Amino acid sequence: MKRASFWLLLLIAALSTLPSEAQSGFGAYYDCRYAAHQKEGMPTGAIVWMGDSLTEQGWWSFLSKEKKIVNRGIGGDNTRGMLARLDEILSFSPSKIFLMGGVNDLSGDRPVEEIVENVRKMLEMIRTQVPECEVYLQSVITPNNEVLAYPYAKGKQAQTKALNRHYKALCDEGLATWVDIARLLENEQGELREELTKDGIHLHPEAYRIWVEHLKKMKYLKK
C-alpha cells in the first residue's frame, strides 16, 4: 500500500469514529488528531502540553525526562478549538497544563479581545474543574517577517505583543503562572530569531531545548 493511501485510510477511519456533532468545523486534521487523542486517553495526573503546531512538534518527554507527559498540540488549532477539547483533557485530572495558543487566531484575523476571552474561559474551566492543577500560560511567539513562509501570518507583530500583554494580565489576576517563552527566542526586533526557525514561525530543535531548559530552571518541571 502506498504511504499516501495508508494515511488517507487512517484519516477516514479516525473521522468515522466521531459523532456527527464532533465534525467540528476546525478542519479535517483537527478532527483526525482529536479522534486519535480520544482513543489514546491519558494517565490520571498527566503533565499536558496543549496548543497548536508549535506544541505538537515539541519533544517534551525527551527533553524534560519527565514521566506522564502528554502532548495535546494540534497543528493549525486556534483558541476556539482548544476550548472545545479542554473538557476531555480535564476529565483525566491533569497535574499540570502548559498552555500556548493564539497565533492561528491572529492569522485568521480574529480580534485580540476574542482570543483573550477564549483563554480566560479555559483558565477558569481548569480552576473550576481541577483546582489542584498547576497552569502555565506561555507567551505566543512573534513570527520573523523576513523569512516567514505564510503571507497570511505576516504583519501581526503589534497584535502578538498586545496578546501577550493581555495574557500576562490574566496571570497577574492569579489565573495561571506566566511563562515568557517569546523573550527567550526573540531577536533585537522582538521577532523569532532566524537561526531558531524553519519558516519564520515553526521551531528548530535548539529552540525547544532553550524552551524546556527555562522551564527546568524556573522549577516548573522537576528536573
Side-chain angles (χ1 to χ4, degrees), residues 47-66 69-79 82 86 94 96-107 112 115-116 118-120 122-123 126 133-145 147-148 150 153 156-223:
I47 300 171
V48 179
W49 257 265
M50 187 177 187
D52 51 35
S53 58
L54 294 184
T55 296
E56 184 179 5
Q57 294 173 16
W59 303 358
W60 310 116
S61 296
F62 174 78
L63 290 170
S64 69
K65 310 303 182 190
E66 283 290 330
I69 283 184
V70 174
N71 190 331
R72 286 296 181 264
I74 296 181
D77 201 5
N78 55 36
T79 57
M82 292 165 64
L86 179 60
K96 298 184 180 185
I97 295 178
F98 290 88
L99 182 65
M100 176 190 273
V103 168
N104 289 324
D105 301 70
L106 292 176
S107 296
V112 168
I115 304 167
V116 174
N118 288 338
V119 172
R120 177 185 288 278
M122 283 189 271
L123 298 179
I126 297 169
C133 180
E134 299 175 18
V135 188
Y136 300 90
L137 180 56
Q138 302 170 114
S139 58
V140 291
I141 299 169
T142 304
N144 186 310
N145 260 17
V147 298
L148 190 60
Y150 312 102
K156 306 294 184 180
Q157 295 93 329
Q159 294 100 314
T160 302
K161 294 186 183 305
L163 192 59
N164 281 333
R165 288 194 298 272
H166 284 289
Y167 283 176
K168 185 176 185 303
L170 292 177
C171 294
D172 290 341
E173 292 180 31
L175 293 174
T177 297
W178 175 240
V179 186
D180 194 358
I181 296 300
R183 177 181 54 83
L184 304 173
L185 306 179
E186 288 178 347
N187 59 22
E188 293 180 356
Q189 289 73 45
E191 298 180 359
L192 178 59
R193 301 205 305 268
E194 184 173 350
E195 68 271 17
L196 295 178
T197 181
K198 309 171 186 179
D199 52 13
I201 188 167
H202 296 101
L203 304 177
H204 285 312
E206 175 61 13
Y208 286 109
R209 187 195 66 78
I210 294 169
W211 187 338
V212 173
E213 286 302 314
H214 177 70
L215 298 178
K216 291 180 181 179
K217 179 181 177 182
M218 297 301 294
K219 308 298 184 184
Y220 301 149
L221 288 168
K222 292 179 182 177
K223 299 183 186 297

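Every value quoted in this text rests on a predicted model; they were computed, and no experiment measured them.
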*Asks:* Looking only at heavy atoms, what is the nearest atom pair of Gly101 and Leu163, with distance?
*Replies:* O-CD2, 4.5 Å

*Asks:* Return the CZ to CD1 distance between Arg120 and Ile115, rounded to the nearest 0.5 Å.
*Replies:* 14.5 Å

*Asks:* Looking only at side-chain N and O atoms, does Glu134 offer a donor or acceptor that is under 3.5 Å from a partner on Tyr136?
*Replies:* yes

*Asks:* Hey, what do you get for NE2 (His204) to CD (Glu195), rounding to the nearest 0.5 Å?
*Replies:* 9.0 Å

*Asks:* Specify the closest pair of heavy atoms between Asn71 and Gly58, including all atoms of both residues, with the distance to one decimal.
*Replies:* ND2-O, 3.6 Å

*Asks:* How are the rings of Tyr150 and His202 set relative to one another: parallel (under 30°), tilted (30 to 60°) or perpendicular (over 60°)?
*Replies:* perpendicular

*Asks:* For the side chain to side chain contact (heavy atoms under 4.5 Å, CB included) test, which of Asn144, Leu192, Thr142 pairs with Glu186?
*Replies:* Thr142

*Asks:* Rounded to the nearest 0.5 Å, how far does CG of Leu221 lie from NZ of Lys96?
*Replies:* 5.5 Å

*Asks:* If every non-hydrogen atom of Ala176 is compared with every non-hydrogen atom of Leu123, which pair is closest and at what distance?
*Replies:* CB-CD2, 4.0 Å

*Asks:* To the closest 0.5 Å, what do you measure between CD1 (Ile181) and OH (Tyr208)?
*Replies:* 11.0 Å

*Asks:* Does Gln157 CD have over 12 foreign heavy atoms under 6.0 Å away?
*Replies:* yes

*Asks:* So, the side chain of Asp52 versus the backbone of Gly102: is there a donor-acceptor pair under 3.5 Å, distance only?
*Replies:* no

*Asks:* With a 4.0 Å cut-off on N to O distance, would you call Arg193 and Glu206 a salt bridge?
*Replies:* no

*Asks:* Apply side chain to side chain contact (heavy atoms under 4.5 Å, CB included) to Leu148 and Ile201, showing your working.
*Replies:* CA-CA 7 Å; Leu148 190 60; Ile201 188 167; 4.0 Å; yes

*Asks:* Rounded to the nearest 0.5 Å, how far does CD1 of Ile210 lie from CG of Leu185?
*Replies:* 6.0 Å

*Asks:* How close do Ser139 and Ala182 get, heavy atom to heavy atom, and via which atoms?
*Replies:* OG-N, 2.9 Å

*Asks:* Determine yes or no for a side-chain-to-main-chain donor-acceptor pair under 3.5 angstrom, with Lys65 supplying the side chain and Phe62 the backbone.
*Replies:* yes

*Asks:* Quick one: pull up CG in Leu137 and NZ in Lys168 and give me the separation to the nearest 0.5 Å.
*Replies:* 11.5 Å

*Asks:* Just checking Lys161: does its NZ atom have more than 12 heavy atoms from other residues, nucleotides or ligands closer to it than 6.0 angstrom?
*Replies:* yes

*Asks:* Do you know the tightest heavy-atom contact between Asn104 and Gly76?
*Replies:* ND2-C, 3.2 Å

*Asks:* Can you find a heavy atom in the side chain of Glu194 that is under 4.5 Å from one in the side chain of Asn187?
*Replies:* no

*Asks:* Could you walk me through whether Met82 and Leu99 pass side chain to side chain contact (heavy atoms under 4.5 Å, CB included), step by step?
*Replies:* CA-CA 10 Å; Met82 292 165 64; Leu99 182 65; 3.2 Å; yes

*Asks:* State, with a plain yes or no, whether a side-chain heavy atom of Val135 is found less than 4.5 Å away from one of Leu175.
*Replies:* no

*Asks:* Is there a side chain to side chain contact (heavy atoms under 4.5 Å, CB included) between His214 and Val179? Walk through the geometry before answering.
*Replies:* CA-CA 9 Å; His214 177 70; Val179 186; 4.0 Å; yes

*Asks:* Lys198 and Leu203: which non-hydrogen atoms are nearest, and at how many Å?
*Replies:* CE-O, 3.1 Å

*Asks:* Under the ring pair (Phe, Tyr, Trp, His ring centres under 6.0 Å) test, which residues partner Tyr167, sequence neighbours left out?
*Replies:* none

*Asks:* Do Ile69 and Ser64 have side-chain heavy atoms sitting under 4.5 Å apart?
*Replies:* yes

*Asks:* How about Thr79 and Asp105: does a side-chain donor come under 3.5 Å of a side-chain acceptor?
*Replies:* yes

*Asks:* Report the C-alpha distance between Leu54 and Val140 in whole Å, list the side-chain angles of each, state the deciding distance to 0.1 Å, and finish with yes or no for side chain to side chain contact (heavy atoms under 4.5 Å, CB included).
*Replies:* CA-CA 10 Å; Leu54 294 184; Val140 291; over 6 Å; no

*Asks:* Could you check, using the six-membered ring where one of them is a Trp, whether Trp211 and Trp60 have ring centers closer than 6.0 angstrom?
*Replies:* yes

